[in-house]
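Down below is the structure, laid out as structure tokens.
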Amino acid sequence: MPVPEYLKGLNEAQSEAVNLTDGPVLVLAGAGTGKTRVLTTRMAHILMNRKAQPWEILAVTFTNKAAREMKERVSGLIGRPVEGWWVGTFHAIGARILRSHAELVDLKPNFIILDVDDQMRLVKQVMEVHRIDEKKWPPRSILSVIQRWKDRGLTPDKVSDAEGQGLADGLISVIYSEYQERLKTLNTVDFGDLLLHCLTIFSNYPDTLEIYQKKFKYILVDEYQDTNVSQYLWLRLLASLNNNICCVGDDDQSIYSWRGAEVGNILKFEKDFKGSEVIRLEQNYRSTPHILAAASGLIAKNQGRLGKSLWTGIEAGEKVSVRGVWDGEEEALITCDEIEIRKKRGQSLEEIAVLVRAGFQTREFEDRLINLAIPYRVIGGPRFYERMETRDAIAYFRILLSDQDDLAFERIINVPKRGLGKASVQALHEVARKQSIPLFSAAREIVDTDELKPRARNALSTLINDFDRWRANLDSLNHAEVATIVIEESGYTEMWQNDSSPDAAGRLENLKELISGMEEFENLQGFLEHVSLVMENEENVSEEKVTLMTLHSAKGLEFDTVFLPGWEDGLFPHQRSMDEEGVSGLEEERRLAYVGLTRAKKEALVTYAANRRIYNQWQNALPSRFIDELPPENIDLLSELGELSGGSWANNEAVLSRDISSKPQSFGNIQPYNRINKINRDGLVIEQDSEDTFVEDASSNFEQGNRVFHQKFGYGKILNVSGTKLEIEFDKSGVKRVMDSFVEAV
DNA sequence: CCATGACGCTTTTTT
DNA sequence: AGCGTCATGG
């Protein structure tokens, strides 16, 4: 039998991963080794060989984008669209299963998936009941603890007493249970519940579990290193009958532990799934040898890896460029100049990316790119369904579907402003609580009393009548038409029309988009699920643009040219990561650096700045320890600050004896920034804190009387040394205060 | 009820 | 600095 077309061109390991359809398989796929190709070809292979029908295959991803891509590519491989398969995100598939069995966890099938805003409101409400000080215990962190529990598959009854001991006056587990109660009462779930409830159903109702175990003959999992415990348990339960599960992932690219991902899942795959095979994909098709070697050398510093040795058949290529600059501004200047050079050379801007550690870093690049008139896009920012106008509109629709949706009602009761403020809401809550009825019902009652002031009562009465009328419309008109009526008649559209802020127009645009997106759905219900689980921001791809984004969001992408700015200790690796997670935090940062480098196909350009303004405070920083960890033979060091070796930095004790606890001269948010001087790009101290006469843990290698050379001011003599700050009498330009890293001893 | 100012926080993000 | 939350006063 001839080899089918779709199998051609696979390397040996890839073919093995495709052909080994039965039994548990872990595909350890290094960066750029064709992981998606394996996953999609494997799926096509199963379908083509009639090993399973489309609806007997479960393929889970983390993002909608990945799911979409998988669908498209598999359809392409087998040459026709595939219907009825279960390809989607963990959450979307969890939701689908949960809808079918909602009653088993006391939910109705039309439950609503809450956004973070709603979740927060709920947590706050529960905390209020227990008089927990929101100052002391920010609801944000309480919610995050709850979410981490959910990530671990822990329902309130499974949380051990020891777990939340100190938190929220020891009441956090109580808050968790009551939060879950409230969710149920409101017929709502949060994201974590989509899997957690599945787990509850699976363990309490083996018959239901069996339906799915039998149904899914083959299971495929993308980005396995990002799964949390709950997802792992979910997969294991589903796979345990047929045992045909194929997980693809890369332990070196695990960068989401902070939101519950367990690298442990991938590390112990062989133990968890008996008789499993592990296949390593080690041929990299993406990067040049220097880039690959630099990345490999770096990641080799991590402990506890499964270990892979990537190689590439690609020949030639530049070394990774590493360059030190004065400050963030110069970094942006130089980087954007480099971008412009490439643009003039005819390189597509689509193939250029700037990958930063933290969102705020993009600003300086944006400023500069605007100046140079180079088009760019920033990836990140609020998702479509996180935008205020989307959520407001959706709140209206939710109430349309269920007048028991208190959270939605509370959200829009005074949006647009109709004079129903705190007091009115309070009164409503009172009535609702006393009679155990939803807020909307309470509203109906309260308008018949004189409990509210006439003004408020009228407003509320109008609102109720509006909703009744809109709901009646649902019978005769399609949902998109009703939606339009709702946002018009409620005054919501008008509110933004009258708004003079610059983004009002955009919001109106989004509302339009929201409504037009509704048309293709059967009903409001389906649309709401789509919005909360699937809907993404779409971008007009009219023009070629440079991409600015965080390292996290760059995972899975590739570009010819990748700029990696901000490689300074404290920023990258991030101080907070090291403070809070210690060595494992540092290792995750290192993986992030690895992800960054391996995004590059042809060029990777790392920069670090000696000075950076953070929260409007100037801070000086050391080059990232990751720079020291790059194999010297694979990098080109271009420092505007003198050689890294031999310069003042390399002699700095903090550099030589770096460990996690050796902070750069205070990058963290914990210490005050009072030791930092504002200096300009020539190292000139232009501002200094009055108390900053001594810097304890940063001392200069210069002494009074030394002769020094400064790039701009020329030769001079040191009059005074205080910490890393020198007072220098320059031969030509007089006395100035300069940071020591800007001068060389002569 | 809403506008105003003080206070406090500031990594990463999907669904 | 810049933004969001919260308490205060009109």
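A note on names: the letters A, B, ... follow the listed sequences, proteins ahead of strands, and every chain is numbered from 1.
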Self-check item: Position toward the 5' end of DNA chain C (nearest nucleotide), A:Asn616 or A:Lys422
Solution: A:Asn616

[X] has an atom [atom1]; how far is it from atom [atom2] of [N], in whole Å?
{"X": "A:Leu586", "N": "B:dT12", "atom1": "CG", "atom2": "P", "result": "19 Å"}
{"X": "A:Ile379", "N": "B:dT11", "atom1": "CD1", "atom2": "P", "result": "22 Å"}
{"X": "A:Leu557", "N": "B:dT13", "atom1": "CG", "atom2": "C1'", "result": "14 Å"}
{"X": "A:Leu528", "N": "B:dT15", "atom1": "CG", "atom2": "P", "result": "18 Å"}
{"X": "A:Glu223", "N": "B:dT13", "atom1": "CD", "atom2": "P", "result": "15 Å"}
{"X": "A:Gln617", "N": "B:dT10", "atom1": "CD", "atom2": "P", "result": "15 Å"}
{"X": "A:Arg148", "N": "B:dT14", "atom1": "CZ", "atom2": "P", "result": "14 Å"}
{"X": "A:Met127", "N": "C:dC6", "atom1": "CE", "atom2": "P", "result": "11 Å"}

Go through [options] for me and flag the one nearest to the [X] side chain.
{"X": "A:Thr63", "options": "B:dT13, C:dC6, B:dT14", "value": "B:dT14"}
{"X": "A:Arg357", "options": "B:dT15, B:dT14, B:dT11", "value": "B:dT11"}
{"X": "A:Thr550", "options": "B:dC1, B:dT11, B:dT13", "value": "B:dT13"}
{"X": "A:Lys135", "options": "B:dC2, B:dT11, C:dC6", "value": "C:dC6"}
{"X": "A:Ser553", "options": "B:dT13, B:dC1, B:dT12", "value": "B:dT13"}
{"X": "A:Ala423", "options": "B:dT10, B:dT15, B:dC1", "value": "B:dC1"}
{"X": "A:Arg259", "options": "B:dT14, C:dA1, C:dC6", "value": "B:dT14"}
{"X": "A:Leu533", "options": "B:dT15, B:dT13, B:dT11", "value": "B:dT15"}
{"X": "A:Glu386", "options": "B:dT11, B:dC1, B:dT14", "value": "B:dT14"}
{"X": "A:Asn414", "options": "C:dA1, B:dT12, B:dC2", "value": "B:dC2"}

Quiz item: Mapping A:Gly419 and A:Ser577 onto DNA chain B by nearest heavy atom, which one lands closer to the 5' end?
Solution: A:Gly419

Practice problem: Would you mind telling me which residue lines up with the more 5' stretch of DNA chain B, A:Thr89 or A:Phe360, judged by nearest nucleotide? | Solution: A:Phe360

Any carboxylate oxygen within less than 4.0 angstrom of a Lys/Arg side-chain nitrogen, looking at [X] and [Y]?
{"X": "A:Arg591", "Y": "A:Asp251", "answer": "no"}
{"X": "A:Arg613", "Y": "A:Asp327", "answer": "no"}
{"X": "A:Arg363", "Y": "A:Glu366", "answer": "no"}
{"X": "A:Asp499", "Y": "A:Arg507", "answer": "no"}
{"X": "A:Asp115", "Y": "A:Arg411", "answer": "no"}

Tell me what [X] touches on the nucleic acid: a base, only sugar-phosphate, or nothing, going by heavy atoms under 4.0 Å.
{"X": "A:Gly359", "answer": "sugar-phosphate"}
{"X": "A:Glu580", "answer": "base"}
{"X": "A:Asp115", "answer": "nothing"}

Practice problem: Just say parallel, tilted or perpendicular for the rings of A:His552 and A:Tyr256, cut-offs at 30° and 60°. | Solution: tilted

Stacking between [X] and [N], defined as ring centres under 5.5 angstrom apart with planes under 30°, is that present or not?
{"X": "A:His574", "N": "B:dT11", "answer": "yes"}
{"X": "A:Phe62", "N": "B:dT14", "answer": "no"}
{"X": "A:Trp258", "N": "B:dT12", "answer": "yes"}

Self-check item: N/O (side chain, A:Arg363) to phosphate O (OP1/OP2, C:dG2) under 4.0 Å
Solution: no

Practice problem: Look at A:Tyr256 and B:dT11 and indicate whether a side-chain polar atom (N or O) is within less than 4.0 Å of OP1 or OP2. | Solution: no

Quiz item: Are more than 12 heavy atoms from other residues, nucleotides or ligands located less than 6.0 Å from atom CG of A:Asn498?
Solution: yes

